[in-house]
There are 2 protein chains.
Amino acid sequence: MSSLAEIARICGVSIGATSKALSGKAGVSETTRQRILSVAAQHHYRPNRLVHAIQKGRSMTIGLTCNDFRDDFSGRIVEGMLEVLYEAAYDTIVISWDLCVHEGEKVLRTFTERRVDGLLMFPPGDQPTPAYLQELRTFQRPIVVVDQTFAGVEEYAFVGSQDYEGGIAATEHLIELGHRRIANIFHRKISTGRARVEGFRHAMERHGLPVRETWMRDIQNYGSEEIYRHARELLTMEEAPTAIVCFNDWVAMDVLAATQDCGRRVPEDVSIVGFGDLRIASAVRPRLTTIAQDPIGIGRHAVRHLLTQLRAVNQQEEELRDTPPTPVSDRLPVRLVHRDSTRPAVRQSF
Amino acid sequence: MSSLAEIARICGVSIGATSKALSGKAGVSETTRQRILSVAAQHHYRPNRLVHAIQKGRSMTIGLTCNDFRDDFSGRIVEGMLEVLYEAAYDTIVISWDLCVHEGEKVLRTFTERRVDGLLMFPPGDQPTPAYLQELRTFQRPIVVVDQTFAGVEEYAFVGSQDYEGGIAATEHLIELGHRRIANIFHRKISTGRARVEGFRHAMERHGLPVRETWMRDIQNYGSEEIYRHARELLTMEEAPTAIVCFNDWVAMDVLAATQDCGRRVPEDVSIVGFGDLRIASAVRPRLTTIAQDPIGIGRHAVRHLLTQLRAVNQQEEELRDTPPTPVSDRLPVRLVHRDSTRPAVRQSF
DNA sequence: CTGAAAGCGCTTACAG
DNA sequence: CTGAAAGCGCTTACAG
């Protein structure tokens, strides 16, 4: 990689003049500038942005922690993030996986050492350790928590979905279809799971419907096997539910599979509601009725929040930062998509 | 962020001494070192790695270009990449999306300017522009192309799957089951699509089976609608195929949907083979027979190649680089997973 | 053991 | 218009 010094030497001018010419600053004659420009182009000169970052105290990079990209949901969130970051000239992202939760703080340390200007954080799979939270505090730059939230990160901005409202919408949809015997396979371990099942309970209560605890299945170790087992148990109970609300579309897929494996039909025998409106929801038959989220919107919003905070930081700079910004909490709206996995309850026996 | 200078001032020693103490180098008394260490810890001192990068001429970052993370395939590739990079202390990745293909070269420029040490490249969706290829050449550091390949990138190392062999395996599986009327919904636009359909043609020919051109469907604009239409046409033809080989599992999902929508059954009426063994393949009913790839392995392998090249570059450094390394091309094995979407052909009429 | 100085690749006041 | 010099935050020979 040819350096500024090299270009300067070839052109027979000083480094300072070369710098001005290439960055479009005043103070060089037009002829000199053109000569420098052409030499630089010939030699494929590329300025070293690491130097800029050190000089300005801003790296124009942001850090991103995430768990996995196993479906289109997180993928689309990142898509929305990158789109807005790109426009804001934060065209590059420093990314990292928290491969090992117990080393989560190492990842954060790396971000700090690389001097990323801000952090977009999909929280780790398990509750963050004290060491992690401590390192988060050391970071001292804007942080936006995305999708899931955790104890210990309340002080940071959060962007996610209206999970609670979604839980209500899924449930009321079934109630409106005449279902009264509604089960729920939920996931209390994570914040979205808790919110969704709370929405469920709220809706049931509001409509005067009993919540049967044997129909309430909490996923302990998220995975197809356990979900499948819960579904089979629910379907083969003496008093089986006529509808099942699922934590998300993948859970709904497992329930659908279990139903078919039992020789039962969806929606004729059981109605199923998913959550997420993932790519799979409209690809499968019957198409899944589900609660659509807006992952691209979440990504965009998260970055906009971050950029706002970054601007605030840059403006204050040396000023007093006595007014800690109130943490924003944005939950993007969700909406029920009624497809083919739900239909009116037939018998209302109870 | 407290700087080295600040820590030095607080400790009343020189910056040089502070640097030595913190980096564990000899040349400081144990007492001084301890004092410096504790002050640094108190003030949450974090070395600025951007400075290291400039000094060493190595940023210990690598660039990653990709299109999307809409399913678990690319997600798992990245997972494998990050795992190996992490172990090699390339713990941070600079990532970028080629949001707009026509600006792909800008993305590469950014990588060059950020001085990433190497590049992992999922090629852009369309054939790279000359400007893109030119910028790739300017990069002048190790590059590994992943999953897809393109005209113009032959000089770089490549890591992907045995798509051709997979195409053969899918086809021979059906032939062994007694199918003779086999259709194929393929995707000639991209390299994996071409290889898979070539495998198909090869297998058919080897077994003396005719390839009916009306049963050969090339996806022009990859998307559910077109695929669904192809499937319906195939299924409702007077001389309909008894089996369909699909470009990948998502295509198989659309074909499955079309089959069910036509009132036909899989595998009773039609057998379907997918490609990829994505998460969806075993979640759907009937479970998809498919060609399993090894995305995690691809990711790991790609990074290992990159690391090997990086080591070579570092050793040579100022030496003559007259022996350009022969580009490696690694295609990880695939394997047929026989599940429930294929079964012996019933009638052998033709 | 300790400090002053040069240097990484640049930018930006400041002299000439 | 042009160059020499200081500085960003460090590391590393080199004197003392």
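Hydrogens, waters and symmetry mates play no part in the numbers below; they use all other heavy atoms, side chains included. Because the structure is predicted, anything quoted here is derived from the model rather than measured. Below, chain A is the first sequence line, B the second, and so on; all start at residue 1.
When DNA chain C is scanned in the 5' to 3' direction for atoms under 4.0 Å from non-hydrogen atoms of chain A, the outermost contacting nucleotides are C:dG9 to C:dT12.
Residue-level contact check: A:Ile15 touches the bases, meaning some heavy atom is under 4.0 Å from a base atom.
Counting heavy atoms from C-beta on, the side chains of B:Leu136 and B:Leu119 come closer than 4.5 Å. Looking only at side-chain heavy atoms (C-beta outward), B:Phe158 and B:Arg331 come within less than 4.5 Å of each other. At a threshold of 4.5 Å between non-hydrogen side-chain atoms, the residues A:Met121 and A:Phe111 do not count as touching. In this structure the side chain of B:Arg109 never reaches within 4.5 angstrom of the side chain of B:Glu105, judged on heavy atoms. Taking the side chain as every heavy atom from C-beta outward, A:Ile54 and B:Val51 approach each other to under 4.5 Å. Two residues are said to be in side-chain contact when any heavy atoms from C-beta on lie closer than 4.5 Å; A:Ile7 and A:Ser2 meet this criterion. Looking only at side-chain heavy atoms (C-beta outward), B:Asn48 and A:Glu113 stay at 4.5 Å or farther from each other.
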Donor-acceptor pairs under 3.5 Å, side chain of residues 143-152 of chain B to any protein atom, not counting sequence neighbours: which ones?
from     : atom 1 : to       : atom 2 : distance (Å)
B:Gln148 : OE1    : B:Ser191 : N      : 3.2
B:Gln148 : OE1    : B:Ser191 : OG     : 3.1
B:Gln148 : OE1    : B:Thr192 : N      : 3.4
B:Gln148 : NE2    : B:Thr192 : OG1    : 2.9

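Sorted by residue number, the list of members of residues 41-48 of chain B with any non-hydrogen atom under 4.0 Å from DNA chain C is empty. Using a 4.0 Å cutoff on non-hydrogen atoms, the parts of residues 20-30 of chain B near DNA chain D are B:Lys25, ordered by number.
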Strand DNA chain C in bracket notation, Watson-Crick/G-U under 3.5 Å with | for pairs to another chain: |||.||||||||.|||
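Residue-to-nucleotide proximity on DNA chain C shows that, of B:Arg115 and B:Gly16, the 5′-proximal contact is made by B:Gly16.
A donor-acceptor pair under 3.5 Å links the side-chain atoms of A:Arg141 to the main chain of A:Val116, judged by distance alone. No donor-acceptor pair under 3.5 Å is formed between the side chain of B:Asp117 and the backbone N or O of B:Ile62.
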Worked verdict on A:Phe139 versus B:Arg46 for side-chain contact (heavy atoms from CB on, under 4.5 Å): CA-CA 10 Å; A:Phe139 182 64; B:Arg46 295 288 177 270; over 6 Å; no
Evaluation steps, salt bridge (charged side-chain N to carboxylate O under 4.0 Å, His left out), between B:Glu155 and B:Arg137: CA-CA 10 Å; B:Glu155 61 194 284; B:Arg137 209 144 290 127; 3.1 Å; yes
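Annotation: D:dC1 and C:dC10 have their P atoms spaced 24 Å apart (nearest Å).
Not counting sequence neighbours, B:Arg115 has no partner by the salt bridge (Lys or Arg N to Asp or Glu O under 4.0 Å) test.
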